[in-house]
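Below, read A as the first sequence line, B as the second, and so on, with proteins coming before strands; counting in each chain starts at 1. Computation of the quantities below employed the complete heavy-atom set of this structure, encompassing side-chain atoms and omitting hydrogens, waters and symmetry-equivalent molecules.
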Protein chains: 2
Amino acid sequence: MRKQRHKSENLTECPMEATLDLIGGKWKGVILFRLSECTRRFNELNRLLCRISPRTLTKQLRELEADGLIRRTVYAEVPPRVEYDLTELGQSLQPVIAALMGWGTEYALPHLNSAEKDTASTAEFV
Amino acid sequence: MRKQRHKSENLTECPMEATLDLIGGKWKGVILFRLSECTRRFNELNRLLCRISPRTLTKQLRELEADGLIRRTVYAEVPPRVEYDLTELGQSLQPVIAALMGWGTEYALPHLNSAEKDTASTAEFV
DNA sequence: CAGGATCCCAATGGATACTG
DNA sequence: CAGTATCCATTGGGATCCTG
């Protein structure tokens with residue numbers, strides 16, 4: 001995802017590609033969702049996405065910031081405090097985030113579970 | 001994306017992760033969009049996604065099929081004909097696909113273009 | 001036509017340890 | 001607290017050639 005778009009090649013004209021280029025990847029969707037709930041700090045995100053490494057979280061946040069979807073605010077305090085929130089553009093993603101979450105809840109999760117565990121579990125309860 | 005989910009570890013309970021696990025990646029969104037328009041054949045898809053290699057297209061189609069989102073139909077003809085279309089589960093993605101496309105058209109594409117070409121173009125027209 | 005086989009490179013992302 | 005630095009394993013995906 002995103003690959004070498006910044007080397008100003010690989011320009012796409014497909015809306016779907018463009019969108020997944022920005023919010024696809026393993027973590028960005030979840031990050032954006034968490035930031036759509038409220039402003040959050042680095043370690044807060046790290047706890048919520050408990051299986052992401054700090055290194056990866058940093059990278060994802062930097063990319064989202066570079067793409068203008070989130071804002072990074074540093075407070076000159078001790079201990080240091082950094083907050084992330086959605087930009088206007090990021091806010092405009094709300095419907096998309098909602099759609100992804102909605103489908104995930106209604107279809108993806110049940111589908112994954114029934115496919116992974118046993119297909120009979122639900123099949124015989126009919 | 002999807003990594004070794006089939007090795008029955010890495011189970012997620014996050015709807016967003018689950019969804020992006022299924023439709024994320026560089027190509028799946030576009031493939032699903034194209035199949036949401038109508039049933040299509042392999043080379044047809046390959047032409048529409050003109051920058052994908054046959055090898056990759058095959059892999060993505062197989063994953064989508066394994067995940068129950070698309071259906072693969074082989075016709076015993078000469079020359080061989082294979083058609084792909086959405087399953088019921090795939091159909092249920094329509095709103096999601098629409099949301100991604102919509103946002104891409106309205107925000108992502110303009111955003112990418114203004115960011116990549118010149119920022120001043122719009123800035124001074126105010 | 002619809003791919004499979006093989007080779008190979010680049011990008012993703014995890015683990016761990018360290019720091020201003 | 002909010003990251004960096006380093007190292008390394010896995011994956012995505014292109015190129016090319018081949019086939020039922």
Worksheet item: Phosphate oxygens OP1/OP2 of C:dG13: is one of them under 4.0 Å from a side-chain N or O of A:Gln60?
Response: yes

Nearest to the [X] side chain among [options], which nucleotide is it?
X	options	result
A:Arg62	D:dG14, C:dC1, D:dT4	D:dT4
A:Lys59	C:dC1, C:dG13, C:dG3	C:dG13
A:Val82	D:dA2, D:dG14, C:dG3	D:dA2
A:Thr58	D:dT4, C:dG4, C:dG13	D:dT4
B:Trp27	D:dG14, C:dC1, D:dG3	D:dG14

With a cut-off of 3.5 Å and sequence neighbours excluded, list every side-chain donor-acceptor pair involving residues 99-110 of chain A.
unit_1   : atom_1 : unit_2   : atom_2 : d
A:Trp103 : NE1    : B:Ser92  : O      : 3.4
A:Trp103 : NE1    : B:Ser92  : OG     : 2.9
A:Thr105 : OG1    : A:Met101 : O      : 2.8

Worksheet entry | Those residues that, when tested against B:Pro54, pass side-chain contact (heavy atoms from CB on, under 4.5 Å) (two or more places apart) | B:Phe42, B:Asn46

Worksheet, complete the sentence: Contacts of B:Leu48 meeting side-chain contact (heavy atoms from CB on, under 4.5 Å) (sequence neighbours excluded), chain-then-number -> B:Arg34, B:Arg40

Regarding [X], tell me which of base, sugar-phosphate or nothing describes its non-hydrogen contacts under 4.0 Å with the strands shown.
X	result
A:Glu83	nothing
B:Tyr84	sugar-phosphate
A:Glu44	nothing

Rounded to the Å, how far apart are [X] [atom1] and [N] [atom2]?
X	N	atom1	atom2	result
B:Asn46	C:dA2	CG	P	10 Å
B:Leu20	C:dT12	CG	P	15 Å
A:Glu63	D:dG3	CD	C1'	16 Å
A:Leu61	D:dT4	CG	C1'	15 Å
B:Lys28	D:dG12	NZ	C1'	11 Å
B:Leu49	D:dG12	CG	P	17 Å
B:Tyr75	C:dG3	OH	C1'	18 Å
A:Lys26	D:dA9	NZ	C1'	13 Å

Item to complete: With the side chain counted from C-beta on, respond yes when B:Leu45 and B:Ile52 share a heavy-atom pair under 4.5 Å apart, and no when they do not.
Response: no

Worksheet item: Testing B:Leu86, B:Asp85, B:Leu89 for side chain to side chain contact (heavy atoms under 4.5 Å, CB included) with B:Ile70, which one passes?
Response: B:Leu86

Item to complete: Report whether B:Val74 and B:Leu61 are members of the same hydrophobic cluster (ILVMFWY, side-chain heavy atoms less than 4.5 Å apart, transitive linking).
Response: yes

Practice prompt. Please say whether more than 12 non-hydrogen atoms of neighbouring residues, nucleotides or ligands are located less than 6.0 Å from CD in A:Glu88.
Written response: no

Discussion item. What residues from residues 30-42 of chain A pass a heavy-atom cutoff of under 4.0 Å to DNA chain D?
Written reply: A:Arg41, A:Phe42

Worksheet item: If only atom types and distance count, is the side chain of A:Ser36 paired as donor or acceptor with the main-chain N or O of A:Gln94 below 3.5 Å?
Response: no

Practice prompt. Could you go through the side chain to side chain contact (heavy atoms under 4.5 Å, CB included) check for B:Ile31 and B:Leu57 one step at a time?
Written response: CA-CA 9 Å; B:Ile31 295 174; B:Leu57 179 55; 3.9 Å; yes

Discussion item. Going by the rule side-chain hydrogen bond (donor to acceptor under 3.5 Å, both in side chains), which residues pair with A:Arg41 if we only count those two or more places apart in sequence or in a different chain?
Written reply: none

Discussion item. Across nucleotides 15-20 of chain C, 5' to 3', mark each nucleotide with B, S or - according to how protein heavy atoms within less than 4.0 Å reach it.
Written reply: B----B

